[in-house]
Asks: 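First, the structure itself, so that you have it in front of you.
Along the sequence shown, the residues carry numbers beginning at 1.
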Amino acid sequence: MKLSVRMVAVAAVLATAACAPQTSGNSSSDKDEKTGTLRVWLFQEVNNKPKEEVVDSVLAEFEKAHEGTDVTVEYIPVETRAQRIKAAFNDPKSAPDLIEYGNTDTAGYVKDGGLADVTEEFAAWDEAKDTDPTARQSVTVGGKIYGAPYFVGVRALYYRTDVFEELGLDVPKTQAELISTAKQIRAAKPELYGLAVGGAYTYGAMPFIWAHGGELATGKGGSYAAAIDSAAARKGIEAYTSLFGDDNCPAAKCAAMTGNDTITAFAAGKAAMAIGGDFSHAAVEAGKVKGKYAVVPLPGLKSGSIAPAFAGGNNLGVLKSTTHRTLAVDLMKRLASKEAQGELFEAMGFLPTFSDVRQQVAAKEAFVKPFVATLAADTKFVPASPAWAQIDAGQVLPSMFQEVVSGKKDVATASGDAAKKMNDAFGSVG
């Protein structure tokens, strides 16, 4: 049968999705049809065409293997994913069979009863053994697997080679050197931020907390308690917030900055350093600093060490309500395969979740090496709790940083208040 792959307009359904009722639970379908139409929701990228071409190639092979099967692909905006997916969990009849989702959403979606447990299928998948441990963690809740990692993203230190050469500076090898170098650059070139930082840049701040031995929360199996107010975490908060001031990145301008804002400033030539992801490479290349920058892993406390980075990225998951479970699982594995992830890297720059494939792409593209080194050194993840969605949406950590840099609260008070909010969220999900 002819394969049907098409983008479906989403504007007409957004209003309905936005006012969808809260999820009341979902039950697995007792059907497992081997033919028919599969519906897939993937995220819309800024430049989506290269992604579509990779997906279309995978679907063409899928069609050859499954006679009588059509696939409908809908590219949905990332910003409205929460409403769309929540509504799908509530209405199985109109829900897709397979979705792409952010890896911080896993625990919440499992609690909502929307994702299928694919532990057995994942274990039987030959390629799964090479999955990066942190990527595997991002699809794991309560010891069970609820999807396949699709790609991973980490952050490293971008720096201006021309500025460092002009000022005779060495690349920072410790976090203390990073902070002092940032302030030295600002003193010599007050028109630049030494290191662009943002009060709303949670994932840029986390490495400072983790490098000092702090944690966001402690616990496992869905039961967590906030640790953001521990002595070690407070040292990391102090280190990060020390970068907000006239001697580096003025609080009046930088307190509200996001991660995207810091990269925009760096790409525009307004900062000598920035903490950016592998996914920031294209934006920097398109900016004024093209040819005048380099990237190294973000340093830790000891010379030569690498600060733990947040392992971001996306996953693919089969909905529990699908009536095509076998087909949906097979398509999930094909889209998340080593070959497809390699092609996705070539098309979009997204880092593969397989350790061996990452090494292969790093050998081809020099810019990938510091990010691969960061992944190999140590990465961290957010608590695998559905409460994280509340904590994230409630801007708990950005508010804490902003309260400190604005002088409204000291680190102890701000982190203590943040910990209470986090514990309230953890408690609300049981």
Side-chain angles (χ1 to χ4, degrees), residues 8 10 13-14 16-33 37-44 71-122 135-150 221-222 313-333 335-336 381-393 425 428-430:
V8 181
V10 298
V13 297
L14 291 182
T16 301
C19 58
Q22 288 197 342
T23 303
S24 57
N26 197 359
S27 59
S28 59
S29 170
D30 57 0
K31 296 180 180 179
D32 190 12
E33 300 169 358
T37 299
L38 266 71
R39 298 183 62 210
V40 179
W41 287 0
L42 300 176
F43 289 157
Q44 176 86 37
V71 180
T72 297
V73 178
E74 182 174 341
Y75 291 92
I76 67 174
V78 176
E79 296 79 11
T80 59
R81 73 187 191 282
Q83 306 98 296
R84 294 296 312 276
I85 294 174
K86 197 88 164 179
F89 291 167
N90 276 301
D91 186 13
K93 291 182 179 180
S94 64
D97 300 276
L98 180 68
I99 61 170
E100 178 180 354
Y101 65 92
N103 63 9
T104 59
D105 295 328
T106 308
Y109 290 169
V110 171
K111 182 177 184 292
D112 288 342
L115 295 177
D117 176 354
V118 296
T119 305
E120 291 184 9
E121 292 94 335
F122 191 85
R136 182 188 293 263
Q137 180 187 350
S138 78
V139 293
T140 304
V141 177
K144 297 180 179 180
I145 305 291
Y146 291 91
Y150 195 29
N314 289 352
N315 301 328
L316 296 171
V318 174
L319 266 66
K320 189 185 292 186
S321 59
T322 181
T323 58
H324 299 89
R325 181 187 172 100
T326 299
L327 289 172
V329 169
D330 183 52
L331 182 55
M332 175 187 75
K333 291 191 291 185
L335 285 168
F381 197 60
V382 299
S385 166
W388 181 255
Q390 297 180 34
I391 294 167
D392 195 29
S428 71
V429 300

Asks: So how far is it from T140 OG1 to Y146 OH, rounded to the nearest 0.5 Å?
Replies: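 Here the interatomic distance stands at 10.0 Å.
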Asks: In Å and rounded to the nearest 0.5 Å, what is the CG to OG1 distance from L115 to T106?
Replies: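 One finds 7.5 Å between CG of L115 and OG1 of T106.
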Asks: Rounded at 0.5 Å granularity, tell me how far NZ in K320 sits from CZ in R325.
Replies: 10.0 Å
Asks: Applying side-chain contact (heavy atoms from CB on, under 4.5 Å) to L38 and L331, what does each step give before you reach the verdict?
Replies: CA-CA 9 Å; L38 266 71; L331 182 55; 4.1 Å; yes
Asks: Salt bridge or not between R84 and E74? Use side-chain N to carboxylate O under 4.0 Å.
Replies: yes
Asks: Without swapping roles, check the side chain of T119 against the backbone of I145 for a donor-acceptor pair under 3.5 Å.
Replies: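 Yes; at least one donor-acceptor contact below 3.5 Å.
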Asks: Does the pair D105/R81 count as a salt bridge with the N-to-O cut at 4.0 Å?
Replies: yes
Asks: Sub-3.5 Å donor-acceptor pair from the side chain of N103 to the main-chain atoms of S138, do we have one?
Replies: no
Asks: Are F43 and Y101 an aromatic pair, judged by ring center distance below 6.0 Å?
Replies: no
Asks: Look up atom OG in S321 and atom CG in D97, then write down how far apart they are to the nearest 0.5 Å.
Replies: 7.5 Å
Asks: P96 and L319: which non-hydrogen atoms are nearest, and at how many Å?
Replies: O-CD2, 3.5 Å
Asks: Please round to the nearest 0.5 Å and tell me the distance separating atom CG of N314 and atom OH of Y150.
Replies: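 With rounding to 0.5 Å, CG (N314) is 9.0 Å from OH (Y150).
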